[in-house]
Undergrad: 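One structure, pasted below without further comment.
Numbered from 1 within each chain, the chains take letters A, B, ... in sequence-line order. Everything quoted here is computed from the prediction, not taken from an experiment.
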2 protein chains.
Amino acid sequence: MFPCDFLCNDRAKVKIRTLEWIDDIDGFLRLIDQRVLPQVLPRRLVYLDCHDVPTLAEAIRKLAVRGAPAIGIAAGYGMCLAAQKIDKQANLSDALQILRKQADILASSRPTAVNLFWALDRMMTCASRFLADNPGACLVDVQKGLLSQARSIHIEDQEMCRSIGEHGRRLIPEGGSVLTHCNAGALATGGIGTALAPMYVAHEQGKRFHVYVDETRPLLQGARLTAWELLQAGIDVTLICDNMAGMLMKQRKIDAVITGADRIAANGDTANKIGTYSLSILAAAHNVPFYIAAPSSTFDLKLAGGEKIPIEQRSPQEITSFGDRLTAPEDIKVYNPAFDVVDASKITAIITEKGIIEYPDTDKIAAHLGHKGQ
Amino acid sequence: MFPCDFLCNDRAKVKIRTLEWIDDIDGFLRLIDQRVLPQVLPRRLVYLDCHDVPTLAEAIRKLAVRGAPAIGIAAGYGMCLAAQKIDKQANLSDALQILRKQADILASSRPTAVNLFWALDRMMTCASRFLADNPGACLVDVQKGLLSQARSIHIEDQEMCRSIGEHGRRLIPEGGSVLTHCNAGALATGGIGTALAPMYVAHEQGKRFHVYVDETRPLLQGARLTAWELLQAGIDVTLICDNMAGMLMKQRKIDAVITGADRIAANGDTANKIGTYSLSILAAAHNVPFYIAAPSSTFDLKLAGGEKIPIEQRSPQEITSFGDRLTAPEDIKVYNPAFDVVDASKITAIITEKGIIEYPDTDKIAAHLGHKGQ
């Protein structure tokens, strides 16, 4: 069993194994099925075991696993599932072709989060290099190499979350309140989250603060996931509807907004869950600092600005029904983008595992990532 | 049967009898039960018949009937139900006492919409005057007087809606798009609505435009009611989640925002469904005109500004569950205000049955209402 008891500490006695690779190279990926959170009865988590790539791609598409970093980790392990399909007699070129096809299936699952493509590239590069360097390697060696790489992605993600938490904790105001949107917590990562990491670390260190959570329509990731995991950790949390954030800011009840990110362009424009853009405008209008917390793998320096970030459009049924109950006229037209893009000019700072980029712009981001001149 | 086929015209062949007094003084109030809209199967409306004041008060509290003007009309008819409880042998003072007690039950149903109190005052004044002027009047005369008054409130409301529509139609941009929040339509009034009235009139007159409807969490009045009634009328409508409005404004897809109001203070500060405040800030940030449409009975000139408007807090279960399904941890704290208050400075114009108040302030509003110097 792969250890990821990152939330198992004195203050937050909770183990959330968002993703877990069970056993060795012939194993499988076990996910918390986030579609069925929170459970009413029985009070236990539901897991989804993925034994092949199509099952995992479907799990990503249907949001059983979601959150940009978690999708990246899942894709890494997905390539280990892909490697199980390689015939023992396959040659180097056949093996790579099989992996590429399976990677394409995973890549088609969701378009916006860049971590998915980043992880697939990393796994494919790993496989190519290994096979090129070891032309006589047996299949088991390839599989071991890939599993080791996937585990590295997972471990690095845990460390990344912790670092974001350490860098960001000073932004959590003692005795104050922060607002977050969607879920950028343990359930969105392999560790303690991105946007929630500063809260977990501040809480561990005894800081007292309050968290308002946007329920986050249409899929209620805030209500179902963020509220749940913050409660598990013993953090003081209040749930609101997305349309209440402005009123709270007017009442000066929000001292900071912190969200995650699905893709950040070279200039700092940031795609995140639909509603984040509105929050950034409301925060600016009320002089509330607006922070993005995300690993450096979320940056897509190939895109100069946010206007080129592809925005996933999702099914109308996410808005027009709840379970099997219709909540709107059946034949109504629906606009359902999964993400929107915050202008860099509205971001007070981006928190990464490397530190904090205040008032981000192209130069500061390049310097921060060590890509100066890119 | 009381005629209110206000939506029965060439273009919009729909009859929506939001409220209907059935028969004469010994009759009852029939409401469309808006809690169960939209119906999946069978495709018909569900009605709720109120034969006494407690049933009606509960219907108002539980939002079977809602919308500030409709609540006012319901309260008017409610006093006709109250009058049915007066003993035939009762004297003047006893009769008034019974009416007052029943009025108090209705007054306690919802705190924010001022039309409720306005209608109850009007009905009580009618009863007092009638009894004072006709000390020997029999009970039937009192009941007839009250029913006549309630019907007047209903008819005036229809006329008011039509006038708002006529004044406001020029604000609907030919070939453009408007955004509305919650339901301020036929289902919220005795007529063609307040915020939706300009759309109905513009549509009747052949203007082509598009309407975006905020679903309006937590109770989805936009998805369930506004989308439904605009579709019935053949108007081009797209449903969105509340948190998508900002992104649409950024894309310049919204040319105007029009909402109703539950109470307007003397200076123009306006209480309306939660989320309206955020919309007003987003509209201002994107240079989108922001309109309020409401009858003059919505003004509460006793309140100088919006900070004194009482804001109803509603049950956490509206946010934490859907039907019998839990959508958030059971023990989560919830903040659930039903309304927020838009600053007058963010309102481009208020449309009433008397005309349009551009950039409203205390003087313009007093002049518009004919209360100069108040």
Side-chain angles (χ1 to χ4, degrees), chain A residues 38-40 181 212-218 220 222-224 227-228 231-232 236-250 253 273-282 284-286 311 316 319-320 322-323 325-337 340-341 343, chain B residues 38-40 181 212-218 220 222-224 227-228 231-232 236-250 253 273-282 284-286 311 316 319-320 322-323 325-337 340-341 343:
Chain A
Q39 289 302 300
V40 187
H181 187 70
Y212 284 99
V213 176
D214 271 355
E215 63 172 3
T216 317
R217 284 287 290 161
L220 304 174
R224 297 187 300 110
W228 180 80
L231 262 191
Q232 301 292 313
D236 186 23
V237 54
T238 297
L239 179 64
I240 61 170
C241 295
D242 303 344
N243 64 24
M244 296 168 186
M247 183 189 187
L248 285 171
M249 289 185 194
K250 184 186 183 188
K253 286 185 178 164
K273 181 55 57 196
I274 184 71
T276 310
Y277 172 76
S278 288
L279 274 185
S280 75
I281 300 294
L282 291 168
H286 294 86
I311 299 297
I319 300 182
T320 58
F322 188 91
R325 249 177 90 175
L326 213 58
T327 55
E330 224 169 356
D331 39 359
I332 192 81
K333 275 194 287 191
V334 169
Y335 177 61
N336 186 17
D340 55 23
V341 178
D343 298 335
Chain B
Q39 290 302 300
V40 186
H181 187 70
Y212 285 98
V213 176
D214 270 356
E215 63 172 4
T216 316
R217 284 286 291 158
L220 303 174
R224 296 188 300 109
W228 179 79
L231 262 191
Q232 301 292 314
D236 186 24
V237 53
T238 297
L239 179 65
I240 61 170
C241 295
D242 303 345
N243 63 23
M244 296 168 186
M247 182 189 187
L248 285 172
M249 289 185 195
K250 184 186 182 189
K253 286 186 179 163
K273 179 56 56 197
I274 184 70
T276 310
Y277 172 77
S278 288
L279 275 186
S280 75
I281 300 294
L282 291 168
H286 295 85
I311 299 297
I319 300 182
T320 58
F322 188 92
R325 249 177 90 176
L326 213 58
T327 55
E330 224 168 358
D331 39 359
I332 193 79
K333 276 194 286 191
V334 168
Y335 177 61
N336 185 18
D340 55 23
V341 178
D343 297 335

Undergrad: When rounded to the nearest 0.5 angstrom, what distance separates CE in A:M244 from CG in B:N336?
TA: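 It is 4.5 Å, given to the nearest 0.5 Å.
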
Undergrad: Does any backbone or side-chain atom of B:P337 lie under 4.5 Å from a heavy atom of chain A? Answer side chain, backbone, both or neither.
TA: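 It is both, since atoms from each part get that close.
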
Undergrad: Mind checking what makes side-chain hydrogen bond (donor to acceptor under 3.5 Å, both in side chains) contact with A:R224, not counting sequence neighbours?
TA: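 None.
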
Undergrad: What are the two closest non-hydrogen atoms of B:Y335 and A:T238, and how far apart are they?
TA: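 In terms of heavy atoms, the two residues are closest at N-CG2, 3.7 Å.
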
Undergrad: Let me confirm one number: the CG-NZ distance from A:L231 to B:K333, rounded to the nearest 0.5 Å.
TA: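 That separation rounds to 9.5 Å.
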
Undergrad: Could you work out, with side chain to side chain contact (heavy atoms under 4.5 Å, CB included) as the rule, every residue matching A:K250, not counting sequence neighbours?
TA: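 Listed in chain order: A:H286, B:Y277, B:V341, B:D343.
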
Undergrad: B:A223 and A:T327: which non-hydrogen atoms are nearest, and at how many Å?
TA: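 It is CB-O, 3.5 Å.
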
Undergrad: Taking A:A285, A:P218, A:S280 one by one, which has the highest count of heavy-atom pairs under 4.5 Å against chain B?
TA: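 Of the options given, most contacts go to A:P218.
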
Undergrad: Any non-hydrogen side-chain atom of B:M247 less than 4.5 Å from a side-chain atom of A:I311?
TA: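 Touching, per the 4.5 Å side-chain cut-off.
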
Undergrad: Closest heavy-atom contact between B:R325 and A:G323?
TA: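 That closest heavy-atom pairing would be NH1-CA, 3.6 Å.
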
Undergrad: Testing A:I274, A:D214, A:N243 for side chain to side chain contact (heavy atoms under 4.5 Å, CB included) with B:N243, which one passes?
TA: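 Exactly one pass, corresponding to A:I274.
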
Undergrad: Please flag which part of B:L279 lies under 4.5 Å from any non-hydrogen atom of chain A: side chain, backbone, both or neither.
TA: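 Nothing of B:L279, per the 4.5 Å heavy-atom cut-off to chain A.
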
Undergrad: What is the distance from atom CG of B:L220 to atom OG1 of A:T320, rounded to the nearest 0.5 Å?
TA: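 Nearest 0.5 Å value for the CG-OG1 distance: 11.0 Å.
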
Undergrad: Between atom CZ of B:R217 and atom CD of A:E215, what is the distance when rounded to the nearest 0.5 Å?
TA: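 Going from the CZ atom of B:R217 to the CD atom of A:E215 covers 4.0 Å.
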
